[in-house]
Amino acid sequence: MAYHSIVDRASGRNVAVVLQNIANGNVIVDYSDRRPVVEALIQDLKEGGVAKNWNERERVFALQALKTLGRATEGCDAIFTEEGIRTLMYHSGLHSTTEASIDRTSSREALKCLANALLLKPTTRPVFDRLEGPRQCSQLLKRSQLSNESQFLFSRILFLMTIDAISTVKSLIDDHHAVDSVGVVLKTQLARSPDGTMFTQSMVLSEALKYLFNLMIVDPKIERSDEAKFTDQEMIEATGKRFQSLLPTIVSILITIPPSSPNPLQPPHSHAIHVLLNFPISTSALLVTRSQQAELLNVLTQILDDTLKHSLNTDEEVSTDGLSNGTELDEIVPPLIIVLTNIASAGGEGKAFLKARLLPDDVDRSKPLEKGDSFSARLIRRMTSLRFPQIRETISQLLFVVCNEDPAVLTRHVGYGNAAGFLLNRNLGVPASVTGAHVEEIDEDQATTPPKSALSSTAPTAPAAHASSDIDSGAPPTRRFSTSTSVNPITGAYYPDPSAIRTAMADMTEEEKEEEAGRLLDMFDKMRRTGVMDVRNPALEAGLRQRERDRYYDEQEQREQEEEKELEKTYGKV
């Protein structure tokens, strides 16, 4: 029997079995029959409807049936009306008269129906906003005793309601303490033990971080009377101050929760990294202690290393497609690289750590620097990747920053062959060090330029007193080196010993010698095309000289023939 055909629906016993069958999918309601069933459910569940006579179990069945039917929009128009939204808010505890029923099974089922409606029909969002749904969600999120499921659902609803919604975000931040409420969710999840439900710590944190990301993205667009004359820079700084209290918790999420394996760039870590992108504050404000700084940078660089190692093999253009969520590497990896770049741009110990971790001085130069399975080799290979242009650009910029934005130092550490495209695209030309000039590398800590933002190029500079109190101000010794003539400026590897070359060539066949000669000629051509030096292909040079000789002899022979003809005309043939 169809639900709407039941005569006495006020008796829960008459409808329980039918509703349970719909909820469990045992009874399939066709699109043509869905409209009267959904309309009947909304009428029965609304405030003052016959559902007031049902017990909790029967209300749960009704809301689960509505959830099952409402996963598609066809025939479910009654859900997306103001009456439908109001009815779901009534049962979810978002109504003033039902707030005491929050976190029951029926209230969580109603929240699921609401979340589906807001996702499937964006036109329901203004209705929910007008009924003060976001305010209620934000207020209820402050309850640290909420279950994981309720925290997840409130965060999901607020995430949907804050997608490029300036007025909603302004109201939540300025009037309803959104920063405090999302902070409660993040802190309680870090302290809470697993409860065995399907709504895990990772799921709740991910949803809360997505909601926080929306708040931070929209906040600089809000017009406030006290910020009317702010520049764009000052607006970004103001946003950072509003959310700064959450930063230690974000850092704790990255440090204390083990990343997924073998794909570490997954929620909640990926969402936490996205949030970090929006904090325009200095390293000293970001990291209260040196140990936290070291821990965070260790985690972030290890995530980057593991991601490149697992998702890309040694062939620069081949992906193992190991990411379980199917997202392109070129979309999910760059945010992490940009965070590292911003931290490096702030200078200090963070930059020194990244320099030592990404481009160590004791790298193996027995082979081209991009060869091998070291972290630095994997990074350098990405600098010339064709398949992943965003990874290529962001990694090149990161390595450039840790090299003090000095083309000569970058070339020293990665080889000009790997850095050429990046440098030429920025009109930085060919470093003098490529032709053997002296290269000097100085730690930025000894420079007089104040540090930039740790997480945004537009961030304010931290006060000197604060920086010195949190992080030791002593700079490590200046490192200086000269480009050795034994280092190939193109590959960054040492030139092989001549005696070793002769020994190796003695054992080579003629075919192998021809292959080596061909590779050598290609290298000369590359050096000439990229402007490293004005050098000609030896084979081409030899050919040109031979053609010059042939032309000289041809001209000499032609002149002799012409002289003989003149003599014949004058004296006749001999």
Side-chain angles (χ1 to χ4, degrees), residues 1-81 83-95 97-121 124 128 146-154 156-157 195-200 203-204:
M1 177 183 293
Y3 174 79
H4 62 284
S5 301
I6 300 174
V7 177
D8 183 16
R9 298 198 297 270
S11 173
R13 288 177 297 181
N14 294 340
V15 300
V17 174
V18 175
L19 291 173
Q20 187 177 16
N21 285 332
I22 296 174
N24 295 337
N26 297 330
V27 174
I28 305 299
V29 181
D30 294 334
Y31 291 140
S32 57
D33 299 328
R34 187 169 296 178
R35 185 182 303 277
V37 175
V38 171
E39 289 175 350
L41 280 170
I42 292 295
Q43 287 299 314
D44 292 349
L45 286 167
K46 72 179 183 180
E47 185 176 6
V50 299
K52 65 183 179 182
N53 300 314
W54 298 348
N55 59 31
E56 172 72 1
R57 176 173 173 270
E58 290 151 0
R59 283 193 294 272
V60 169
F61 285 154
L63 290 163
Q64 287 177 339
L66 197 62
K67 177 185 67 178
T68 300
L69 297 171
R71 287 172 177 156
T73 58
E74 293 85 350
C76 297
D77 294 340
I79 297 176
F80 310 126
T81 63
E83 183 180 49
I85 298 299
R86 191 187 298 273
T87 297
L88 294 174
M89 290 177 64
Y90 175 77
H91 286 279
S92 64
L94 297 176
H95 192 279
T97 63
T98 59
E99 187 174 330
S101 65
I102 193 65
D103 219 5
R104 294 181 180 177
T105 304
S106 59
S107 70
R108 293 192 290 267
E109 292 301 322
L111 288 172
K112 293 173 186 176
C113 293
L114 265 174
N116 288 340
L118 296 172
L119 174 65
L120 295 174
K121 279 282 188 179
T124 59
F128 186 67
L146 282 179
S147 66
N148 281 6
E149 188 171 358
S150 287
Q151 285 188 338
F152 173 89
L153 292 168
F154 284 134
R156 166 65 63 86
I157 289 171
D195 59 5
T197 66
M198 63 173 290
F199 292 89
T200 62
M203 293 175 62
V204 180

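All residue numbers in this chain count up from 1 along the given sequence.
Judged as a ring-ring contact (aromatic ring centres under 6.0 Å, His included), and not counting sequence neighbours, His4 has no contacts.
Heavy atoms only, all atoms of each residue included: Leu45 and Ala62 are closest at CD2-CB, 4.0 Å. When every heavy atom of Ile6 is checked against every heavy atom of Asn14, the shortest pair comes out as CD1-O, 3.6 Å. The shortest heavy-atom contact between Leu146 and Ser150 is CD2-CB, 4.2 Å. Listed here is the closest heavy atom pair of Ile102 and Gly93: CD1-CA, 4.3 Å. When all heavy atoms of Val50 and Ala10 are compared, the pair lying nearest together is CB-CA, 3.9 Å. Taking both residues in full, the closest heavy atoms of Ala78 and Val38 are given as CB-CG1, 4.0 Å, listed atom of the first, atom of the second, then distance.
The distance from atom CD of Glu56 to atom OG of Ser106, rounded to the nearest 0.5 Å, is 3.5 Å. Between His91 atom NE2 and Ser107 atom OG the span is 11.0 Å, to the nearest 0.5 Å. For the atom pair CG (Leu118) and CG (Leu114), the distance works out to 6.0 Å, reported to the nearest 0.5 Å. Put simply, CD on Glu39 and CG on Leu41 are 10.5 Å apart, with the number rounded to the nearest 0.5 Å. Atom-to-atom distance recorded for Leu19:CG and Asn24:CG is 10.5 Å, nearest 0.5 angstrom. Distance CZ/Phe61 to CG/Asn55: 9.0 Å, rounded to 0.5 Å.
Side-chain atoms of Ser147 and Arg108, non-hydrogen and from C-beta on, do get closer than 4.5 Å to each other. Looking at Thr68 and Arg71, their side chains come closer than 4.5 Å, going by heavy atoms from C-beta outward. Between Val29 and Tyr3 the shortest side-chain heavy-atom distance does not fall below 4.5 Å. In this structure, Lys112 and Glu149 have side chains that are in contact, with non-hydrogen atoms separated by less than 4.5 Å. Taking the side chain as every heavy atom from C-beta outward, Phe154 and Leu94 approach each other to under 4.5 Å. Side-chain contact between Val204 and Thr200 is absent, with no heavy-atom pair separated by less than 4.5 Å. Side-chain atoms of Leu88 and Leu63, non-hydrogen and from C-beta on, do get closer than 4.5 Å to each other. For the pair Phe80 and Ile85, the minimum side-chain heavy-atom distance is 4.5 Å or more.
Classified by interplanar angle (parallel below 30°, tilted 30° to 60°, perpendicular above 60°), the ring pair Phe199/Phe152 is tilted.
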- request: Would you sort out whether Lys67 and Glu109 count as a salt bridge (Lys or Arg N to Asp or Glu O under 4.0 Å), showing the intermediate values?
  value: CA-CA 8 Å; Lys67 177 185 67 178; Glu109 292 301 322; 3.0 Å; yes
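Other residues, nucleotides and ligands place no more than 12 heavy atoms under 6.0 Å from the CZ atom of Arg13.
Put simply, the side chain of Ser11 never gets that close to the backbone of Asp8: no donor and acceptor are under 3.5 Å apart.
Checked for salt-bridge contact, Arg9 and Glu58 miss the test: no charged N lies under 4.0 Å from a carboxylate O.
There is a side-chain donor-acceptor pair under 3.5 Å between Gln43 and Glu83.
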